[in-house]
Amino acid sequence: MTTIAENIQVVQERIKDTCERSNRDFKTVKIIAVSKRKPMSDIQEAIDAGLQHFGENRVEESQEKIPQLRSDKTIIWHMIGHIQSRKAKHIAPLFQFVQSIDSVSIAEKLAKTIIDYEHKLDVLLQINISGEASKSGLNAYNWKTDASVQSRLLQDIQQILQLPCLNVCGLMTMAPIVNDIEQTRPIFADLAKLRDELQQSLSLSLPELSMGMTNDYSIAIEEGATMVRIGRAIFGERNN
Ligand SMILES: *Cc1c(COP(=O)(O)O)cnc(C)c1O
């Protein structure tokens with residue numbers, strides 16, 4: 001058994017190697033340590049090893065965990081899971097960053113809960129590139145060739161951009177589970193391409209690309225990821 005600190009070091013080395021190979025500055029890649037189902041003691045070990053960004057995907061679990069570390073202002077909590085509309089009101093008080101805006105309606109619900117307009121909530125738009133029905137996200141399957149997918153997507157994104165208290169910083173996606181991880185590359189490349197197109201056609205800046213998890217983060221970084229969401233490689237396997 002390796003310790004969490006050792007695991008983090010391995011991940012950081014691999015990120016550095018990957019960045020070197022692809023001519024990127026490794027400081028442009030943030031590790032989001034996905035701490036779901038893991039105890040506070042594990043999170044504390046990761047903080048002690050220097051990590052600052054943590055990801056959770058369930059509201060109840062986050063309500064248990066996040067307040068315990070509230071006094072540590074350096075930690076940034078990322079919501080990475082699907083948000084049910086009746087739980088939207090709990091999100092903004094807990095998280096600094098929401099990566100899983102997967103519909104116009106959840107964006108609107110979330111926006112309504114933010115009373116303090118001086119603090120916009122940083123968000124990413126979750127995009128379903130692979131077209132898998134099991135994945136949430138704004139549909140972008142075949143966006144390059146399917147004009148109706150493209151116009152619907154643009155319409156949805158424009159509606160979200162109009163919401164005053166959400167700060168849209170970029171895109172997030174989940175690759176399908178595959179046998180050969182090289183098969184994830186076209187998905188990540190496609191998300192990067194979509195980001196470029198959106199920046200152009202909507203004249204806005206979308207600097208963040210959240211893509212890549214334990215199995216495929218190197219490939220995601222090669223394709224431009226600025227955030228990698230890593231659970232098992234840091235904290236070990238989950239039981240549920
Ligand atoms: C669980 C989860 C991860 C982390 O997955 P690992 O394979 O443990 O690295 C990343 N992103 C999302 C959205 C998740 O739910």
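From a predicted model like this one, the values you see are computed outputs, not experimental measurements. All residue numbers refer to positions in the sequence shown, counting from 1. Whatever order the structure lists ligands and atoms in, that order sets their numbers, starting from 1.
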Participant: Looking at ligand 1, is there an atom of it that comes within less than 4.0 Å of some heavy atom belonging to Gln99?
Facilitator: no

Participant: Do any pairs count as a salt bridge (charged side-chain N to carboxylate O under 4.0 Å, His left out) and have a residue in residues 34-52, sequence neighbours left out, and if so which ones?
Facilitator: Arg37-Glu61

Participant: For residues 150-159, pull every pair meeting salt bridge (charged side-chain N to carboxylate O under 4.0 Å, His left out), keeping only residues two or more places apart or in separate chains.
Facilitator: Arg152-Asp156

Participant: Does any N or O of ligand 1 fall below 3.5 Å from an N or O anywhere on Asn215, backbone included?
Facilitator: no

Participant: Considering only the protein, which heavy-atom contact is closest to atom 13 (C) of ligand 1, and what is its distance?
Facilitator: Ile80 O, 3.4 Å

Participant: Please list, in number order, the atoms of ligand 1 under 4.0 Å from a heavy atom of Gly231.
Facilitator: 4 (C), 6 (P), 8 (O), 9 (O)

Participant: Any side-chain heavy atom of Ile160 within less than 4.5 Å of one from Ile101?
Facilitator: yes

Participant: Identify whether the distance between the nearest side-chain nitrogen and carboxylate oxygen of Glu20 and Lys16 falls below 4.0 Å.
Facilitator: no

Participant: Which of the atoms of ligand 1 are close to Ile230, meaning less than 4.0 Å from one of its heavy atoms?
Facilitator: 9 (O)

Participant: Closest non-hydrogen protein atom to atom 9 (O) of ligand 1, residue and atom name please, with distance?
Facilitator: Thr214 OG1, 2.5 Å

Participant: Within the 4.5 Å heavy-atom criterion, are Val10 and Ile8 side-chain neighbours or not?
Facilitator: no

Participant: Pull out every atom of ligand 1 sitting under 4.0 Å from any heavy atom of Met174, numbered as shown with elements.
Facilitator: 13 (C)

Participant: Identify, by atom number and element, the atoms of ligand 1 in contact range of Arg232, meaning under 4.0 Å from any of its heavy atoms.
Facilitator: 6 (P), 7 (O), 8 (O), 9 (O)

Participant: Are Ile83 and Ser100 side-chain neighbours, meaning at least one heavy-atom pair lies under 4.5 Å?
Facilitator: yes

Participant: Between the side chains of Glu222 and Arg24, is the shortest nitrogen-to-carboxylate-oxygen separation below 4.0 Å, so that they form an ion pair?
Facilitator: no

Participant: Could you name the option among Arg229, Met213, Lys36 that has the heavy atom nearest to atom 2 (C) of ligand 1?
Facilitator: Lys36

